[in-house]
Number of protein chains: 2
Amino acid sequence: MSQQRHGSTPGNGPGERAGAVTAFPDLPEATIARLPEYLRALHNLGEAGGDTVSSEGLAAAAGVNSAKLRKDLSHLGSYGTRGVGYDVALLIEQIEYVLGLDQRRAVCLVGLGNLGHALAGYDGFASRGFKIVALFDADASKVGEEIQGLLVRHIEDLGRVAVEENIAIGVIATPADAAQAVADVLVDAGVTSILNFAPCVLSVPANVDVRKVDLAIELQILSFHEHRKASLTALPGGRSAPAGNQEAVGS
Amino acid sequence: MSQQRHGSTPGNGPGERAGAVTAFPDLPEATIARLPEYLRALHNLGEAGGDTVSSEGLAAAAGVNSAKLRKDLSHLGSYGTRGVGYDVALLIEQIEYVLGLDQRRAVCLVGLGNLGHALAGYDGFASRGFKIVALFDADASKVGEEIQGLLVRHIEDLGRVAVEENIAIGVIATPADAAQAVADVLVDAGVTSILNFAPCVLSVPANVDVRKVDLAIELQILSFHEHRKASLTALPGGRSAPAGNQEAVGS
DNA sequence: AGGCGCTTGTGAAGGTGTGCACAAATCGCG
DNA sequence: CGCGATTTGTGCACACCTTCACAAGCGCCT
Ligand SMILES: NC(=O)c1ccc[n+]([C@@H]2O[C@H](COP(=O)([O-])OP(=O)(O)OC[C@H]3O[C@@H](n4cnc5c(N)ncnc54)[C@H](O)[C@@H]3O)[C@@H](O)[C@H]2O)c1
Ligand SMILES: NC(=O)c1ccc[n+]([C@@H]2O[C@H](COP(=O)([O-])OP(=O)(O)OC[C@H]3O[C@@H](n4cnc5c(N)ncnc54)[C@H](O)[C@@H]3O)[C@@H](O)[C@H]2O)c1
């Protein structure tokens, strides 16, 4: 989860004037977190040749309950046809619009160590509408290195480059003790979304969104369940976990 | 029977365990997901020299609300002292016990491409009670390679090695189209917890836990918030917003 | 000993998310 | 044209989670 508030609308008492709708229906956060999964499933289905899909079919492909899926989709308007299902291409377009993926988003990556190198070479960025436009590191021996056709620049240049390239999203892959300083630099440069791989809490202004990916936390959660399962084997009437509990990171 | 131990007078040894291990079957999932964060914050505080910490202080370090933190800790029968706070060392021990981190957990990693190499070299595993004991790949040109002192083995050996090394947790870092097959192999080998980095849904038996880390999903969630923020700042004039209504696709 | 300030632990209220079950809508077909 | 099969969209009940507010407990000081 992000440690920053979303949708803060700070201090304004009554609802916003804006006679028309605010540009967005306020989607539940849980729904937003699932939309990318639906999108991926839809792309798979589309390539498989289907042009429509039922909520049941899409739900299975995305690993969720079909009622949940219908409710999620209903939040962004009715784009299904009763008795038929959802038009795959139309739904893809709709979800991509809501997620803002129709606009190419410029991303920068800070910290080109072990993890940073892997991320820089990851094709999952470009294939989903994101483009890494700049790489930064503080280590002089790394600056100048070329990775995937991109030059590693010194972090001091971040401010200038971020403005030039209109970077909105920054990815932090530095050690934890440098992460806050990097976040400060990103924020100063106008970046308003940060994906943090360093195991630490970042403090940022309220208008900046932070999401964290922490491998160790995931393992520790798994460890807990291992622990629980191990203790249950000794007990009679062992109960089984609900099926299909495919936890996603974050929330 | 699943009687919560402790409850005895304060002053009993912190390391005491009931003979029959009764884990905490009733811990809220949301609490479990936060315990690792508390643990990390506690380690930081401990190294900083503090021997006790208030819920306010720990909550700040972990980036959560203090009431939430107190309620979380109360679920595991926490040892706080009113008017003083929590004993850092004791709380660390408690949380590590609940998460099952007092037992070393053997982990194997499947798929040694870009990401797999980074993960294999990550010291955040060992420092938190996990140890990678085996590496597997299907590519003959990778098998035999030595990474961080570990030999890459062929995935066909997974079944045998998993039993030998008593592997409980498997990490999947293969392409998505191989992930399900790898998961099946892991499950057959007795692995009951899987951390999946491939962007796909895995189907596993009910007793196996799967957690997924998907970078693209994180970015897309950030993208949504960027989109929302951008549309909010564009509104004040009341002029027609860009793509004003969400029915941009209609007809 | 007693009072005082501080902090925990928790009841209660409100919010968010989930899943069932079903009415409404649509299509294909006779 | 009507009917039945199918599938969406959603009202509702429930479970879970979060946050507030405060009594109870603890240590310290006088
Ligand atoms: N390697 C992994 O598999 C992995 C997995 C999960 C999380 N992480 C986390 O990701 C982060 C990076 O891990 P890593 O293994 O790549 O570490 P690393 O030490 O290999 O790389 C860190 C990089 O950050 C650079 N750096 C340091 N301070 C900087 C600063 N102030 N500004 C810009 N760049 C700076 C360093 O020069 C180095 O290139 C760590 O916080 C780690 O805990 C790593
Ligand atoms: N690189 C990243 O930064 C990154 C980030 C997030 C997610 N991912 C995901 O992680 C996965 C791996 O990414 P990557 O960049 O390392 O890919 P990669 O192609 O570099 O590596 C994949 C590795 O898996 C091995 N493999 C393939 N089939 C296998 C099988 N059946 N059994 C065992 N091993 C097999 C391949 O030999 C190869 O070594 C992908 O699903 C990717 O989407 C990668």
Side-chain angles (χ1 to χ4, degrees), chain A residues 1-9 25-35 37-38 42 45 50-88 90-91 94 241-248 250-251, chain B residues 4 6-7 9-11 24-35 37-38 42 45 50-88 90-91 94:
Chain A
M1 79 187 241
S2 150
Q3 60 243 35
Q4 292 310 127
R5 267 296 59 67
H6 294 304
S8 39
T9 40
D26 39 332
L27 297 177
E29 195 63 28
T31 294
I32 296 162
R34 283 187 293 266
L35 288 181
E37 197 74 50
Y38 302 156
L42 283 166
L45 290 168
D51 51 345
T52 65
V53 62
S54 71
S55 65
E56 203 72 47
L58 183 52
V64 302
N65 178 298
S66 70
K68 196 186 328 198
L69 178 133
R70 287 197 298 277
K71 187 155 291 186
D72 283 341
L73 295 186
S74 77
H75 279 121
L76 33 116
S78 294
Y79 294 101
T81 306
R82 293 168 134 117
V84 176
Y86 298 90
D87 181 291
V88 172
L90 178 57
L91 199 48
Q94 226 4 256
N245 49 345
Q246 198 117 342
E247 318 275 354
S251 86
Chain B
Q4 210 127 339
H6 89 339
T9 66
F24 308 77
D26 49 355
L27 276 184
E29 195 63 29
T31 294
I32 296 161
R34 283 187 294 264
L35 289 180
E37 197 74 50
Y38 302 156
L42 283 166
L45 289 168
D51 50 347
T52 65
V53 62
S54 70
S55 65
E56 203 72 46
L58 182 52
V64 302
N65 178 299
S66 70
K68 196 185 326 195
L69 178 133
R70 287 197 298 277
K71 184 149 291 187
D72 283 341
L73 295 186
S74 78
H75 279 122
L76 37 113
S78 84
Y79 296 84
T81 307
R82 292 167 193 243
V84 177
Y86 298 91
D87 182 292
V88 172
L90 179 56
L91 200 48
Q94 276 300 311

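To find a chain, count down the sequence lines: A is the first, B the second, and so on, and within it residues start at 1.
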Every protein N/O lying under 3.5 Å from an N/O of nucleotides 9-12 of chain D:
residue: D:dG9; atom: OP1; partner: A:G80; partner atom: N; Å: 3.3
residue: D:dG9; atom: OP2; partner: A:Y86; partner atom: OH; Å: 2.7
residue: D:dG9; atom: O4'; partner: A:R82; partner atom: NH2; Å: 3.2
residue: D:dG9; atom: N7; partner: A:R70; partner atom: NE; Å: 2.9
residue: D:dG9; atom: O6; partner: A:R70; partner atom: NH2; Å: 3.2
residue: D:dG11; atom: O6; partner: A:K71; partner atom: NZ; Å: 3.1
residue: D:dC12; atom: N4; partner: A:K71; partner atom: NZ; Å: 3.2

Please list, pair by pair, any protein nitrogen or oxygen found under 3.5 Å from a nitrogen or oxygen in nucleotides 2-4 of chain D.
none

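A:L90 CG to A:D51 CG: the interatomic distance, rounded to the nearest 0.5 Å, is 12.0 Å. Atom OG of residue B:S55 and atom NZ of residue B:K71 lie 13.0 Å apart, to the nearest 0.5 angstrom. Atom CG in B:D26 sits 10.5 Å away from atom CG in B:L76 (nearest 0.5 Å). How far NE2 of A:H75 is from CG of A:D72: 7.5 Å, rounded to the nearest 0.5 Å. To the nearest 0.5 Å, atom CD of residue B:Q94 and atom CG of residue B:L35 are 11.0 Å apart.
Within the 4.0 Å cut-off from OP1 or OP2 of C:dT7, not a single side-chain nitrogen or oxygen of B:S54 is found. Side-chain nitrogen and oxygen atoms of B:N65 include at least one within less than 4.0 Å of the OP1 or OP2 phosphate oxygen of D:dC20.
Atom P of nucleotide C:dG9 and atom NZ of B:K68 are separated by 18 Å, given to the nearest angstrom. Across the protein-nucleic acid pair, B:L69 atom CG and C:dT8 atom P stand 9 Å apart, rounded to whole Å. Rounded to whole Å, atom P of D:dT18 lies 13 Å from atom CD of A:E29. Atoms CG (A:L58) and C1' (D:dT6) sit 17 Å apart, rounded to a whole Å. Going from atom CZ of B:R34 over to atom P of D:dC16 covers 15 Å, rounded to whole Å. Atom-to-atom, CD of B:E56 to P of D:dT19 comes out at 13 Å; the value is rounded to the nearest Å. The interatomic distance linking B:D72 (CG) with D:dC17 (P) rounds to 10 Å, in whole Å. Atom CG in B:D26 sits about 12 Å away from atom P in D:dC17, given to the nearest Å.
Between B:T81 and B:T52, the closest side-chain pair of non-hydrogen atoms is not below 4.5 Å. The closest side-chain heavy-atom distance from A:Y38 to A:L69 is below 4.5 Å.
Taking each heavy atom of A:A59 and A:S66 in turn, the nearest pair found is CB-CA, 3.5 Å.
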**Item:** Verdict with reasoning, A:R34 to A:T31, per side chain to side chain contact (heavy atoms under 4.5 Å, CB included)
**Value:** CA-CA 5 Å; A:R34 283 187 293 266; A:T31 294; 4.0 Å; yes
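Paired regions of DNA chain C, where each region holds three or more successive Watson-Crick or G-U pairs whose two hydrogen-bonding distances fall under 3.5 Å, are C:1-30 with D:1-30.
Residue-to-nucleotide proximity on DNA chain C shows that, of A:G83 and A:P28, the 5′-proximal contact is made by A:P28.
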